[in-house]
Amino acid sequence: MSTTKTKLGRGPRPAARPAETKRPRGVEIFTDREKEQPIIKARMACTPSKQKTEFLTQFYGIGGIGKSTLSEFALKEKTEKMTVTLLNFDHNQATWNPTSSGRQLLREFIKVASESGLPMPLSGFLLSLQEACELEPAKYKKPEDAFYFLVEVVDKGAELAKNIPAVGIGIKAVKMAKEWWKKRNLLTELESEELWPLDSSDKDYFSKLEDNISNAVLIDLVRHLEQDKGRHLRIIIDGFEGIQSREKPYETHYDAQRRLQEMLATLSETESVCDRIRVLLFGRHQLEWSRLYDSDDFKWAERWNLHLLEGLPELHSKELILKQANWFEAQGEKPVADLLRHKTEAILNAAGKEHRGEECYIPFWIDLAVDLVADAARKGVDPDLGKGSDKLFSRFMKEIGDLKQTLQVLALAERFDETLFDWLCEKRVINHTVGSFRGALGLSRYCFYEEINEDDYEFHGLFLDAVQKSWLENEDLRHHGASVVKKLLDYYGGPLVAKAEKDWTEEDAEQWRRGMEIIVTQGPELGLLKREQWEEWLEAKPWSAEHFRCFKSSIDFARRTLEKVLNPELPATLRYVYKLESLLRVSGEYVEMEALFRRV
């Protein structure tokens with residue numbers, strides 16, 4: 001008898017679907033990257049670099065031109081190079097951002113490194129120490145109490161870690177370095193690297209401990225590379241625009257991008273290993289660290305190599321459309337193929353965008369125009385594509401009929417699967433029948449779906465932005481959108497209300513995170529929800545403040561959006577500052593808490 005996994009606590013996963021022929025998407029088959037692919041191959045190669053400018057390489061450009069595809073190309077290059085250790089950060093799925101604490105980035109870094117097989121004993125231990133002290137201040141009144149208990153955890157077994165909440169990543173990092181611990185004395189190592197002891201009476205204790213965690217990450221990485229002379233390290237970060245802030249950070253706050261900048265700068269200047277480390281960044285905006293962190297000795301920018309990615313030129317755009325037409329013809333849809341060839345110029349007019357004074361074409365919008373032409377060919381009508389992506393999107397949403405309302409609902413959820421779809425059908429939020437997930441949505445038919453993992457989907461970023469904005473067209477849509485958000489929160493939050501937080505599983509935490517992201521995105525960020533609506537939900541279970549204790553990434557998410565919309569002249573502002581202060585306090589963000597009060 002076969003077994004099925006449970007997905008987010010909502011019942012058995014649907015049966016595996018049969019293999020199907022999928023139309024290639026534009027960003028997967030476009031040909032205008034002949035210059036970039038050799039650069040990536042060279043960076044991923046195992047030969048030590050002789051050029052300083054090869055340490056950090058960034059590819060940047062407007063959305064929808066295939067940056068993530070290039071990052072996937074880099075990942076594939078690693079498969080046959082077993083002497084390369086790859087640290088891959090996909091910001092589209094990660095939880096750190098410009099306003100995240102430095103510790104959140106360090107935590108993510110330690111997690112990814114450990115899962116990639118890099119021993120992270122010192123940094124993993126100090127991370128566990130910090131989180132144990134901050135989450136259980138009554139139990140560990142002095143850092144030394146938690147310190148010696150964690151030594152016992154390392155020595156006697158990870159099962160003792162059950163008594164310390166939220167230290168799983170650090171302990172896991174330490175336990176993965178089991179052979180390392182057999183040969184070394186923990187206290188001696190920490191003292192020799194000046195990572196311990198710290199003065200617990202110092203008011204900047206936690207800030208200094210975070211500095212030491214950062215230093216420990218560097219020590220762990222450098223030691224590993226120095227001991228294994230044939231080992232190379234590659235760090236890939238996609239979605240870099242979500243990490244790089246374009247504003248100077250507060251001087252009192254070590255935010256994620258500053259911490260990352262300092263770590264990479266130090267690695268670039270470590271002569272014993274820098275020729276075996278490469279960093280690849282993919283994002284929309286050019287690297288601006290030399291402006292954000294200006295100083296006379298900011299020389300490591302000499303180690304950067306920046307590449308602007310343009311949209312597709314006309315020739316390659318036409319080649320892409322021809323490939324799409326040939327694919328449809330191979331599938332037995334000759335009328336579609338013929339109409340695509342006939343409408344090539346109309347497709348280019350719809351997908352064109354001026355960039356740096358020249359017309360370029362975005363692969364995603366070409367794909368959407370192809371979808372619209374294909375639907376028209378099947379109906380035997382002449383497609384009206386319009387000029388520019390805005391009109392193309394508007395015409396597409398009009399042509400898909402009842403599916404438009406379904407896509408709008410799913411856009412509010414941002415990520416969706418068959419279980420959520422069936423629940424929405426049962427509640428009559430969308431007009432489909434239970435069990436019609438793939439057929440009703442046309443998952444294999446349209447280009448704007450992206451499968452995140454097995455049976456878990458989201459929209460292409462450009463499409464998601466456009467669909468979410470469509471809720472703001474008039475007050476009736478806003479009102480209806482708010483009612484849909486309420487139902488989605490019932491879906492994600494309903495099973496959590498009856499559970500004590502200490503009993504939450506990882507699936508429960510993911511339920512909570514998705515619900516909180518909906519509140520913040522559709523409330524303070526996009527403005528679909530009125531202030532009193534999202535304020536009320538943030539006061540109610542399971543979204544209320546006491547549930548922030550165990551999920552620090554969401555503190556950062558709520559903090560930056562709450563602060564952004566608060567008016568210093570409104571009476572409610574002070575109340576929310578104190579609310580935010582309480583969240584910072586329970587999470588141990590003491591430095592930022594002090595900075596917040598100074599601003600008030």
Side-chain angles (χ1 to χ4, degrees), residues 28 33 36-49 51 53-60 66-96 104-121 123-124 169 172-173 176-177 180 214 216-240 242-243 256 259-261 263-268 270 272-283 287 303-305 307 452-453:
E28 296 169 348
R33 294 292 175 252
E36 287 78 12
Q37 290 190 9
I39 294 172
I40 292 176
K41 286 184 177 181
R43 300 299 186 268
M44 296 299 293
C46 295
T47 54
S49 173
Q51 301 293 329
T53 57
E54 293 182 359
F55 180 85
L56 185 150
T57 302
Q58 186 198 22
F59 297 96
Y60 67 98
K67 296 182 294 296
S68 293
T69 303
L70 276 179
S71 73
E72 292 169 3
F73 175 80
L75 295 177
K76 292 176 182 177
E77 281 295 296
K78 189 264 177 186
T79 55
E80 297 180 0
K81 299 176 174 59
M82 300 309 293
T83 56
V84 172
T85 296
L86 182 64
L87 304 186
N88 179 44
F89 300 89
D90 185 351
H91 180 262
N92 297 319
Q93 300 183 44
T95 56
W96 39 297
Q104 181 63 25
L105 179 139
L106 294 172
R107 197 171 192 267
E108 186 77 11
F109 209 98
I110 294 168
K111 174 179 178 288
V112 172
S114 299
E115 292 175 349
S116 300
L118 277 176
M120 304 295 288
S123 56
I169 289 177
K172 182 178 180 181
M176 291 181 72
W180 188 93
S214 181
V217 168
L218 295 172
I219 292 170
D220 285 335
L221 293 177
V222 171
R223 277 188 173 182
H224 177 70
L225 293 175
E226 287 180 341
Q227 292 169 4
D228 187 349
K229 301 295 184 181
R231 176 65 51 182
H232 290 248
L233 180 66
R234 302 293 180 263
I235 301 172
I236 298 177
I237 301 178
D238 191 17
F240 184 70
I243 300 169
R259 184 68 69 185
L260 179 65
Q261 187 273 141
M263 290 172 59
L264 295 181
T266 301
L267 287 173
S268 75
T270 306
S272 61
V273 298
C274 66
D275 64 337
R276 287 180 284 136
I277 300 175
R278 297 290 173 275
V279 180
L280 293 171
L281 306 178
F282 301 87
L287 194 61
R303 299 176 181 266
W304 303 350
N305 193 262
H307 298 267
I452 304 305
N453 47 55

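Count residues from 1 along the sequence. Only a predicted model underlies this, so the values are computations on that prediction, with no experimental measurement involved. Side chains are part of it too, since the values below use all heavy atoms of this structure and drop only hydrogens, waters and symmetry mates.
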Can we say K76 and E72 salt-bridge, meaning some charged N sits less than 4.0 Å from an Asp/Glu carboxylate O?
no

Please report the interatomic distance [atom1]([X]) to [atom2]([Y]), rounded to the nearest 0.5 Å.
X    : Y    : atom1 : atom2 : result
D228 : L118 : CG    : CG    : 10.0 Å
S71  : L281 : OG    : CG    : 11.5 Å
R223 : S272 : CZ    : OG    : 12.0 Å

Do you know the tightest heavy-atom contact between [X] and [Y]?
X    : Y    : value
P119 : D220 : O-CB, 3.8 Å
G283 : K67  : O-CD, 3.2 Å
Q58  : L287 : OE1-N, 2.9 Å
C274 : R303 : SG-NH1, 4.3 Å
A265 : S268 : O-OG, 2.6 Å
I235 : F89  : CG2-CE1, 4.0 Å

So do the side chains of [X] and [Y] get within less than 4.5 Å of each other, counting heavy atoms only?
X    : Y    : answer
L221 : I277 : no
L70  : Q37  : yes
M263 : L267 : no
V273 : H224 : no
D238 : L280 : no

L218 vs T270, side-chain contact (heavy atoms from CB on, under 4.5 Å): CA-CA, chis, key distance, verdict:
CA-CA 10 Å; L218 295 172; T270 306; over 6 Å; no

R234 side chain to R276 main-chain N or O, any donor-acceptor pair under 3.5 Å?
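Yes, because the side chain of R234 sits within donor-acceptor range (under 3.5 Å) of the backbone of R276.
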
Between the main-chain N or O of L106 and the side-chain N or O of R259, is there a donor-acceptor pair closer than 3.5 Å?
no

Go through it in stages, so that I can follow the logic: the residues are H307 and T57, the test is side-chain contact (heavy atoms from CB on, under 4.5 Å), and I'd like the CA-CA distance, side-chain angles, deciding distance and then a yes or no.
CA-CA 8 Å; H307 298 267; T57 302; 3.7 Å; yes

List the steps, then state whether side-chain contact (heavy atoms from CB on, under 4.5 Å) holds for N88 with V112.
CA-CA 7 Å; N88 179 44; V112 172; 5.6 Å; no

Audit row: F59, F282, ring pair (Phe, Tyr, Trp, His ring centres under 6.0 Å) steps and yes/no
CA-CA 5 Å; F59 297 96; F282 301 87; 5.5 Å; yes

